[in-house]
2 protein chains.
Amino acid sequence: MIEHADLSRPIYIRLKEMILDGDLKPGEKIIQEKIAETLGVSRTPLMKALLTLENEYLIESIPRRGMFVKTRDLKEIIDVYICREAIEGMAARLLATYKNDNNTDALKKCFTPFLEDENIDSQTYTKADENFHKLLIKLTENAPLDKIYFFSNIHDKVIGHGLVRPPEETLEEHFKIITAIEQGNPDDAERYAREHIRKSRELLIDQYKNHKSE
Amino acid sequence: MIEHADLSRPIYIRLKEMILDGDLKPGEKIIQEKIAETLGVSRTPLMKALLTLENEYLIESIPRRGMFVKTRDLKEIIDVYICREAIEGMAARLLATYKNDNNTDALKKCFTPFLEDENIDSQTYTKADENFHKLLIKLTENAPLDKIYFFSNIHDKVIGHGLVRPPEETLEEHFKIITAIEQGNPDDAERYAREHIRKSRELLIDQYKNHKSE
DNA sequence: AAATTGCATTTTGTATACAAAATACAAAAT
DNA sequence: ATTTTGTATTTTGTATACAAAATGCAATTT
């Protein structure tokens, strides 16, 4: 049996699930007593979990008024993509600078299942994409860099709504990044990583504009 | 005792002060009951403050064993500087891209007091330097970018130990960044911002090596 | 009918109580 | 003398209690 010394940990995981799955909807107020009862815990460890989620940008707290599932407008999603561009770009640079076969192998492995696949399953690819981007950060072994990468939450949420570019387009980009890292070319690695995210960002803006003018 | 709608807020500020001032020393265990009594509050709002500090990387928590003032080794400080390089570089790029006179004026104002000063006071300049780097981020109005910039804490702490380059060297660099922003040159702005931090990082490594071989 | 006020209810923020785990330390064993 | 074991103390983690603020709603006023 896995023993949890800290109840707030599984609560945090559960709540995060609920938010990302949409069980708790953006803007919805989190009534502590209610959630606490649902989860069968008291408000104390729940509060700890909520504070962690607040720091991960999934919840917004207004003193004396309550905690709410964070709503996001386009501006903020764009801003997140800008952050990711800076962070993942740097991560790719670091990996290329201190290149290492284990790392490139691990990165490649994210996408090998799709290399000979004619009909890529969107769901599976999305998951692989998430893994790849998280791995890129993890492999740097730069703890602060990893800590600030809670953006992946928002990224996952955006992806969850089907707002991604097709695998035909991104698969190649991913391998361009990996190859640059493999060849120990920091400038290329960073440039490709940034381009990759910038393109998604631009698409998001376009999609929004089109949607708006319908 | 302090009065506020949210007690954890002033507690947080107070504790942060105590950590940055060295009243609470790195590695020191934070005995909740003790601190709570000292501040005249209960453990509940104290815990909230401590969790915020944990998320700001100033405190480290080990479940069931306690919370400790974070210790830092060179590797971690270097890692922070790498993060700053990515983040501030992007900030400079953004400001140059969406250039605006108010912004450049505000940035210039940080250092105008030192322009005709022959004998720059180190303490005052250090404060100005801190302001400049925080302002660079703030002016982007990119909320997530600002949120992840808690590194300034660590930066301030390092600076507090006197580990900075002299004003004669950095003043010029600061103005190179500002000028690039003013001229709307994103590539230069980012490059100069990154160089600026990279140089400090390299100096830190040198200082460490010298110190070690003494 | 719309706006305002006052009261009951809900909900948050803080303090406190209590159980379980960690720690410190002394006594016993090797 | 050093290690081990058992016990008292401290400290954390969780639940609960309670006061103060926010909210909802009905009665009253305009």
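Note that these values count all heavy atoms, side chains included, but never hydrogens, waters or copies made by symmetry. Numbers restart at 1 for each chain; the letters A, B, ... are given by sequence-line order, proteins then strands.
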**Candidates D:dT12, D:dA15, C:dT12 - which lies nearest the side chain of B:Arg64** = D:dT12
**Message:** Can you classify the ring geometry of A:Tyr125 versus A:His174 as parallel (below 30°), tilted (30 to 60°) or perpendicular (above 60°)?
**Reply:** tilted
**Asked** Which nucleotide, C:dT16, D:dT16, C:dA20, lies nearest any side-chain atom of B:Ser42?
**Response** C:dT16
**Request:** For A:Arg65, answer base if it contacts any base atom (sugar-phosphate contacts may also be present), sugar-phosphate if it contacts only those atoms, and nothing otherwise; contact means non-hydrogen atoms under 4.0 Å.
**Result:** sugar-phosphate
**Strand partner of C:dA28, provided both Watson-Crick or wobble distances fall under 3.5 Å** = D:dT3
**Request:** Would you classify B:Lys29 as touching base, sugar-phosphate or nothing, given that sugar-phosphate means primed atoms plus P, OP1 and OP2, and contacts are heavy atoms under 4.0 Å?
**Result:** sugar-phosphate
**Asked** Just how far, in rounded Å, is P of D:dA22 from CD of A:Gln32?
**Response** 15 Å
**Asked** Considering only side-chain heavy atoms of B:Val41, which listed nucleotide, C:dA15, D:dG13, D:dA20, is closest?
**Response** C:dA15
**Length of the line joining A:Leu7:CG and C:dC18:C1', which is rounded to integer Å** = 16 Å
**Fill in**
A:Glu33 atom CD is separated from D:dC18 atom P, nearest whole Å, by 14 Å
**Request:** Would you tell me whether B:Tyr98 and B:Thr140 have side-chain atoms, one donor and one acceptor, within less than 3.5 Å of each other?
**Result:** no
**Message:** To check you understand the geometry: which heavy-atom pair defines the closest contact between A:Leu50 and A:Gln32, and what is its length?
**Reply:** CD1-CG, 4.2 Å
**Item:** Interatomic distance where CE belongs to A:Met47 and C1' belongs to D:dT16 [whole Å]
**Value:** 16 Å
**Request:** Mind checking A:Ile30 for me? I need base, sugar-phosphate or nothing, with any heavy atom below 4.0 Å counting as a touch.
**Result:** sugar-phosphate
**Message:** Rounding to an integer number of Å, can you tell me how far A:Lys48 NZ sits from C:dT14 P?
**Reply:** 17 Å
**Asked** Once the angle between the rings of A:Phe132 and A:Phe111 is folded into 0 to 90°, is it parallel (under 30°), tilted (30 to 60°) or perpendicular (over 60°)?
**Response** tilted
**Request:** Would you kindly give the CG-to-C1' distance between B:Leu50 and D:dG13, to the nearest whole Å?
**Result:** 14 Å
**Asked** Considering only C:dT11, C:dA17, D:dA21, which nucleotide approaches the side chain of A:Ile31 most closely?
**Response** C:dT11
**Message:** Do A:Lys70 and A:Tyr57 form a cation-pi contact, if we require the NZ or CZ to be under 6.0 Å from the six-membered ring centre and within 45 degrees of the ring's axis?
**Reply:** yes
**Asked** Given atom CZ of A:Arg43 and atom P of C:dT10, what is their separation to the nearest angstrom?
**Response** 15 Å
**Message:** I need the CG-P distance between B:Leu46 and C:dT16, as an integer number of Å.
**Reply:** 14 Å
